[in-house]
Amino acid sequence: MIELALVTGAARGIGLATTQVFLEMGWQVVMLDCDGEALEAASAELNGVHPILCDVSDPESVAMMAEEVGHIAQYGLKALVNNAGVAMFGPIGDTDFADWRRVMSTNLDGMFLVTQALTPHLAKARGAIVNISSISGLRASTLRVAYGTSKAAVNALTQQQAVELGELGIRANAVAPGPVRTKLAMAVHSQDIIDAYHDAIPLNRYGSEREIAEVIGFLASDKASYVTGQVLAVDGGFGATGIGLPALRKT
Ligand SMILES: NC(=O)c1ccc[n+]([C@@H]2O[C@H](COP(=O)([O-])OP(=O)(O)OC[C@H]3O[C@@H](n4cnc5c(N)ncnc54)[C@H](O)[C@@H]3O)[C@@H](O)[C@H]2O)c1
């Protein structure tokens with residue numbers, strides 16, 4: 001039996017690294033993205049993938065995608081990784097409603113829509129959901145009123161899914177990455193922000209796409225068969241820190 005995962009935002013960054021981890025596990029992957037050119041380029045390099053163009057924030061696009069997945073997922077869907085996301089950083093006073101909606105519609109609405117549409121396929125395989133949150137959803141930092149709030153909502157959505165969909169044998173967990181040098185992050189991480197992350201991370205470095213993807217692969221696999229409703233930070237120790245690291249490093 002072929003095990004099938006679906007990864008949203010799979011054309012680059014953490015989603016592409018996750019696709020590679022699933023392929024190494026021997027699974028097939030439905031790669032979903034709204035950037036057609038990037039999706040075509042990324043999927044052309046890989047065997048065992050099914051690229052589908054889809055905007056996760058658009059209910060019609062999601063409905064069409066779910067129908068297409070129905071033709072591929074004859075044994076159901078073993079994993080859904082809700083990874084597609086966008087970031088916008090700015091002070092509360094400068095965040096206009098269009099920015100707020102843009103962030104919410106992909107990071108939160110998209111996750112709700114895709115999961116709802118694919119739940120029958122997940123139930124068929126007693127599959128697992130892994131939602132990609134962020135450390136910004138666990139602790140508030142400046143400039144992240146839209147992004148951080150969307151990710152905090154993802155954590156709550158994950159628990160809702162775990163509680164309700166457990167009856168169908170579906171597990172739902174979230175991974176909250178620390179900073180990773182992807183296109184999304186580098187568009188919003190100024191030098192000040194990069195320095196601030198180093199000051200707050202015991203391992204004193206950014207993570208890699210692969211380090212996040214390995215944890216996603218674990219949570220999606222049967223190795224995590226009794227884990228559900230959890231938010232797992234993959235953050236170099238960010239969540240454990242208080243003050244004092246810069247002083248420690250000076251000594
Ligand atoms: N990079 C980081 O530092 C970091 C930290 C914490 C959390 N995250 C989260 O990880 C996830 C992946 O981010 P990344 O850093 O790999 O970014 P990225 O920009 O490299 O990749 C995001 C992918 O999602 C796709 N996408 C965006 N909007 C979409 C939509 N509406 N429909 C379908 N596809 C869409 C993009 O085309 C792109 O291929 C995001 O949810 C992000 O919030 C990233």
Side-chain angles (χ1 to χ4, degrees), residues 6-21 30-43 51-62 64-66 80-89 101-115 117 129-139 141 143-144 146-155 157-158 174-190 193-194 196-198 200-201 205-213 215-216 231-236 238-239:
L6 185 146
V7 180
T8 73
R12 61 171 191 249
I14 294 167
L16 181 56
T18 302
T19 299
Q20 277 153 345
V21 164
V30 179
M31 296 176 74
L32 196 150
D33 210 283
C34 66
D35 181 339
E37 228 170 272
L39 182 63
E40 207 182 308
S43 59
I52 299 181
L53 189 64
C54 172
D55 179 347
V56 299
S57 69
D58 174 3
E60 267 181 43
S61 180
V62 170
M64 278 162 58
M65 174 276 293
L80 163 63
V81 181
N82 283 308
N83 164 77
V86 293
M88 178 269 158
F89 283 12
R101 279 304 315 145
R102 191 172 62 82
V103 172
M104 291 298 165
S105 67
T106 291
N107 295 8
L108 181 58
D109 302 355
M111 216 170 262
F112 166 74
L113 290 169
V114 170
T115 306
I129 299 163
V130 183
N131 295 325
I132 309 309
S133 175
S134 168
I135 52 172
S136 298
L138 292 168
R139 287 167 64 181
S141 297
L143 310 179
R144 291 153 175 83
Y147 185 74
T149 305
S150 76
K151 295 300 190 177
V154 163
N155 298 342
L157 177 63
T158 302
V175 166
V180 179
R181 288 181 189 281
T182 62
K183 194 168 177 184
L184 171 149
M186 290 300 93
V188 291
H189 289 189
S190 61
I193 290 177
I194 293 169
Y197 273 126
H198 280 267
I201 293 179
R205 63 174 177 84
Y206 274 45
S208 69
E209 289 90 336
R210 181 76 192 196
E211 287 175 304
I212 310 301
V215 179
I216 297 169
V231 180
L232 181 51
V234 185
D235 66 355
F238 173 89

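Both backbone and side-chain heavy atoms feed into the values below; hydrogens, waters and symmetry mates do not. Each ligand, and each atom within it, is numbered from 1 in the order the structure gives. Just so you know, residue 1 is the first one in the sequence shown, and it goes up from there.
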- Protein residues near ligand 1, heavy-atom distance below 4.0 Å? G9, A11, R12, G13, I14, D33, C34, D35, C54, D55, V56, N83, A84, G85, V86, T106, I132, S133, S134, Y147, K151, P177, G178, P179, V180, T182, K183, L184, A185

- Counting only N and O atoms by type, is there a donor-acceptor contact under 3.5 Å from the side chain of N107 to the main-chain atoms of V86? yes

- Side-chain contact test, heavy atoms from C-beta onward, threshold under 4.5 Å: evaluate it for V175 versus P177 and give yes or no. yes

- Show the numbers, then the answer: is there a side-chain hydrogen bond (donor to acceptor under 3.5 Å, both in side chains) between T115 and N82? CA-CA 8 Å; T115 306; N82 283 308; 2.9 Å; yes

- Return the orientation label for the Y197 and H189 ring planes: parallel under 30°, perpendicular over 60°, tilted otherwise. tilted

- Have S133 and N155 got a donor and an acceptor in their side chains that come within less than 3.5 Å? yes

- Message: Donor-acceptor check, side chain of N83 to backbone of G9, threshold 3.5 angstrom: yes or no?
- Response: yes

